[in-house]
Trainee: 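One structure is given below, represented as structure tokens, and several questions about it will come after.
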Amino acid sequence: MNFELSKEQSLLQAMARDFAEKRLEPIARQIDEENQIPAEILAEMGELELFGIPIGEEYGGAAGGYDGYVLVMEQIARISGGVAMTLAAHTLGLGALDKFGTEEQKQKYLPDACKGKTIASFAFTEPGTGSDPKQLTSTAVKEGDYYILNGTKRFISNANHPGPCVIFARESESQEVTAFIVDKWCEGYSISEPWAKIGMKGGVLTDVYMENIKVPAQNLLGQIGQGFPILLYGIALGKIGTSTAALGGTLAALEEALKYVKEKTHRGAPIAKFQAIQLKIADLKIKYETSRWLCYRLGWLANNIKDPAAFAAEAALAKAYCGDTVVEAAKIAMDAHGSYGLMKDYNIERILRDALIGPEIEGVSDMQKMIVAGSLLKR
Amino acid sequence: MNIVVAMKQIPDLQQIRIRQRQPVLDGVPAALGMIDKNALEAAVLLKEKEGGQVIVLSAGNEEVEETVKEALAAGADQAFLVIDDSIENADGSVKAPILAEAVKRIEDVGLLLFGEGSGDNYSGQLGSRVAELLGWPQVGFASKIEIQGSQAIITRSLEDGDEILEVNLPAVVTVLGDINEPRIPSVTQILKAGRKPKEVLELEELELDLPALPQIKTLSNLAPETNRKQIKVGSVEELIQALKSEGVI
């Protein structure tokens, strides 16, 4: 058992930290306030190959594995939850394309997406479905060599960027849930105004409207009726991103609390001298380390998935823990700040808002726990 | 023409803690010196314009084989390493002949770059010492380097102005930390760093007659003491007065 990072992994982590501190930190508040990531930042992330870390070189990726991806995601999320959310949703879409796409589909979509020239999306949720595929109402009707897609998708990340979107719809002949690759911004594709969500701003969520979108039959992802396994696999991969985004938030909470309690004085002494504060710091460190090793291990597991159901349970476990933990950590760090922490002058205000996204996005924590319990009780 | 960049393996300065004024080095990973990275970036920029290869040269203990990956990720094409445990704590009088001999074994070197001083001891001697041993001209405090045929045009930033020099190649140049901002390497540059060519020599393979170790002994290495003055002021005027009397403004 070896818990040490290799030199390459350490350099990757240092690179992401350097990028996040130099390029993202000066504008993290601006991204939060404007709910938008400047185009030059996305371009630079593309040049640094951050958009295709786990994808193979034959498709334009960096072949850095999901273990490399978690190291980068943690450092990005430490500085900007919004940028982390954008990267996580993109990598989820790419992971599904990489796993289920034909050679032709992968050659068509992955190289540009890995360079950040396009940003991927993954669209399952609908206004009435939550996470239940049986409730899916979007339709795909075969017409010659095309499918005609209609329906509405809710809370879709990156739908405002051009690129491939994996969209789930009910295929009309089989009535089975089926996945399609849709070029965003094609005819019949439109989006709502961005949802004004509480945190992780810059990671833009919109609804997607499909009005007679004409999708070539060769853009069917996997087989007709294979939508559910693609969905499960994709969502499990997505939890690497959401778990690690939460991890980065927990690290940020720890660091902000540490910085503040050393600076803030009470009757001439830093508040770090008080045991009540020291206990908070210890709790933050424990929460960070437990989240960290779950995420690193999940990245390692994702590199070689043998049993998708077993991996899905591991991903659910990490997501449940890290998602809940980031909220607890941010609240502890906020408490260490006292009323100052409520002010936008202090980063913890944004970190706490970002943290609240963790347990809710891509399946609430209770749902993750049901997956974990199911994996044990079905044995 | 190839450019050699001499880089020193030092403890990662960002991870050193100070306890009772002493640096705690246990468990601190090795890294390359900050100004050395500026020298490397200067070399890579020149290569992108003029062609040739950038070769990173480093001498140290066996850990340097791993540490040098940072330079290979940041744009060096290959590494030339001299390995021996004794090098790690050697001073300039020992390291200079090692580096000079190594440079002689690298083909077509037009420029040998150093950071102005190392990130740990900052003695700033090696560039001059190696230039002397090689018989090459040396220019220090470089803030800009251009190649023009068989010469380099170098701007030296000095306290009271800039000096522009023309120097025949091959030459040794030591660069300032603000000559550039080292680029952030991409993911594949990092992941492929370990696959770049590396020539690794044991110290005895250089067949040098080195001075006995150590020439310079460090007697103490203490962090400066910083005491807060804890001057309390009751108004902006008093604050300004206090800052003036302390010589801050």
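In what follows, every chain begins at residue 1, and chains take the letters A, B, ... in the order their sequences are listed.
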Trainee: Can you tell me which portion of A:Ala16 sits under 4.5 Å from chain B's heavy atoms? Options are side chain, backbone, both or neither.
Mentor: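 Neither part; nothing is under 4.5 Å.
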Trainee: Report the relative orientation of the aromatic rings in A:Tyr260 and A:Tyr340; use parallel for angles under 30°, tilted for 30 to 60°, perpendicular for over 60°.
Mentor: tilted
Trainee: Between B:Ala30 and chain A, which part of the residue has a heavy atom less than 4.5 Å away: side chain, backbone, both or neither?
Mentor: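 For B:Ala30, the contact with chain A is made by the backbone alone.
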Trainee: Could you walk me through whether B:Gln53 and B:Gln78 pass the side chain to side chain donor-acceptor pair (under 3.5 Å) check?
Mentor: CA-CA 8 Å; B:Gln53 294 261 302; B:Gln78 49 182 296; 2.9 Å; yes
Trainee: Any donor-acceptor pair under 3.5 Å linking the side chain of B:Lys196 with the backbone of B:Leu72?
Mentor: yes
Trainee: Is chain B contacted by the side chain of A:Leu11, its backbone, both, or neither, given a heavy-atom distance below 4.5 Å?
Mentor: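 Contact with chain B: backbone and side chain both.
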Trainee: Salt bridge check: are A:Arg23 and A:Glu47 linked by an N-O gap of less than 4.0 Å?
Mentor: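 Looking at A:Arg23 and A:Glu47, the cut-off is not met.
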Trainee: Only pairs of heavy atoms separated by less than 4.5 Å count here; which of B:Leu191, B:Ile190, B:Thr67 has the most with chain A?
Mentor: B:Ile190
Trainee: Which atoms of A:Glu57 come close to chain B, meaning under 4.5 Å heavy atom to heavy atom: side chain ones, backbone ones, both, or neither?
Mentor: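 Side chain of A:Glu57 only, per the 4.5 Å heavy-atom cut-off to chain B.
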Trainee: Walk me through it: do B:Asp84 and B:Ser86 pass the test side chain to side chain donor-acceptor pair (under 3.5 Å)?
Mentor: CA-CA 5 Å; B:Asp84 196 279; B:Ser86 68; 2.7 Å; yes
Trainee: Answer with side chain, backbone, both or neither: which region of B:Gln189 has an atom nearer than 4.5 Å to a non-hydrogen atom of chain A?
Mentor: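 Just its backbone gets close to chain A.
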